[in-house]
Number of protein chains: 2
Amino acid sequence: MGKVDLSACPVCSKLDITDETAFLDNLKCTIKTYPKNILIIRQGDICDALYMLTLGSVKTEMITENGNILGIEIIKAPRPLAPAFVFSDNNRFPVNVTSLEEVEIMKIPKAEIMRLMMTNPDFMSSFMTHNANRTQFLTNRLHLLSIKTIKGKLAHFLLENSPGEEISFVINRNQTELADFFGVARPSLARSLAELVQEGLIQINKKEYIILNSNGLRELLF
Amino acid sequence: MGKVDLSACPVCSKLDITDETAFLDNLKCTIKTYPKNILIIRQGDICDALYMLTLGSVKTEMITENGNILGIEIIKAPRPLAPAFVFSDNNRFPVNVTSLEEVEIMKIPKAEIMRLMMTNPDFMSSFMTHNANRTQFLTNRLHLLSIKTIKGKLAHFLLENSPGEEISFVINRNQTELADFFGVARPSLARSLAELVQEGLIQINKKEYIILNSNGLRELLF
DNA sequence: ATAAAAGTGTAACAATTGTTACACTCTCGG
DNA sequence: CCGAGAGTGTAACAATTGTTACACTTTTAT
């Protein structure tokens, strides 16, 4: 089993653990490793334990009923996968989870999570905050999807990621991934990007973007 | 202050409260009433306490940057409003909350919530489950929005709400509200509904719907 | 009972996005 | 260095949805 850096985990960082090894030994859990590009969790699978990604990175994607893929996000270890759903009445995973590299996943039973929360207020607090942040992420996602034009989505997304006007920044997604992220067709996204460039609002060089006119971008939101 | 039926509240129902009045007296909280059609909470407002709707009903709606309204849901007392966000790092309300009638709202400080969770495992468990269910609701919302055609959204929505083929059921929203719920224009929704009727898939009488051909509806999801 | 307001049906037209197809560039492994 | 595959630019056309407008029906308030 690989070495886990608990202090980097948003849920565990505040734990007062004098002996990390002892802590992990006391924890009833199972650990599994998966090779690259494996579908680890299917949308709809029962979720009766907390899945903690301890090594590697995964991609979560939601598949709509019409078969389209609506990319959600990339998760890097250490971080829990869909922690909120352990406690829901209908405890099924809402997304597919696919390994992007060789990964290691720690499966902690629900009862153990309960025990940790009871005995460790800091853990409880972190766990709550982490879930709250996840909810906020979903809300933002909802917000993005509710913007109806592609150029509007792009404006929102670029403004959110830009460090400021005329300052270049890198978007770590290619056009195909971006299109999935927005839930639109790839050529349509390319067209909208080209229009933004032609209108002098932004500048693109591979994955490097520069906002030239942030006010112009903001106008696309109305 | 109105009488509160705690047993009907998803978060409080499992509390072992021998004396409800004493429980509420011990709870440090403030109670406010609002008349009908008042904007109680604005999207972006700081959320440093748990807002519990104890009487009446409210409507929550998300306003996108382009000014469009994306209806989310109607909430009836007793139920907490956006309970997850009390604990998030950026603890701001994600939605507007408007009263639909005269309402009463109990404001419980975050510290009090923490105390309740520490001292009352059942409360903690219910609170977690409730938040998890909310997350699942958001995920479903995301799912619905990610379906691209209006007829697809309608098919998904109607199949989800129908008790079965040829059995009538009531949708408690008018066309305008439904259009908001789906994030589409009202006449476009009307057109899609008319098409579903014309194709013999459903039957409509005011707010009463009947699915005539559920397989036909399912085909719209591909 | 009746006027005002809210909700619905529908049509013509505009705007946006999706689909498909293909040429081109870039990257990476052999 | 070269070829395969991935990623990009772009164009023509189809499909879907939005916009606007107006007549009509239903509900609500006085």
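The sequence lines fix the lettering, A, B, ..., with proteins before strands; numbering per chain opens at 1.
Between dT27(C) and Lys206(A), a contact under 4.0 Å exists linking OP1 or OP2 to a side-chain N or O. Contact annotation: Gln175(A) side-chain N/O to dG9(D) OP1/OP2 distance is under 4.0 Å.
Of the candidate nucleotides dG18(C), dT16(C), dT20(C), dT20(C) has the atom lying nearest to any side-chain atom of Pro187(A).
When all heavy atoms of Ser99(B) and Lys36(B) are compared, the pair lying nearest together is OG-C, 3.4 Å.
A straight line from CG of Leu189(A) to P of dG7(D) spans 14 Å, rounded to a whole angstrom. Distance CD1 (Ile150(B)) to P (dG18(D)): 5 Å, rounded to an integer number of Å. As a whole-Å value, the separation of Lys207(B) NZ from dT27(D) C1' is 11 Å. The separation between Arg191(B) atom CZ and dT16(D) atom P is 10 Å, rounded to whole Å. Atom OH in Tyr209(A) sits about 8 Å away from atom P in dT8(D), given to the nearest Å. The CG atom of Asn205(A) sits 11 Å away from the P atom of dC26(C) (whole-angstrom rounding). In this structure, Asn37(B) atom CG and dA6(C) atom C1' are separated by 14 Å, rounded to whole Å. Going from atom CG of Asn174(A) over to atom C1' of dT27(C) covers 13 Å, rounded to whole Å.
A donor and an acceptor atom never sit less than 3.5 Å apart when one is taken from the side chain of Arg186(A) and the other from the base of dG18(C).
Ser188(B) comes within contact range of at least one nucleobase, with a heavy-atom separation under 4.0 Å.
Between Lys151(B) and Glu199(B), at least one side-chain N (NZ, or NE/NH1/NH2) sits under 4.0 Å from a carboxylate O, which counts as a salt bridge.
Each of Leu212(B), Val197(B), Asn213(B) was evaluated against Ile202(B); a single residue qualifies, Val197(B), per the side-chain contact (heavy atoms from CB on, under 4.5 Å) test.
Distance alone, capped at 3.5 Å, is enough to place a donor-acceptor pair between the Thr129(A) side chain and the Phe87(B) backbone.
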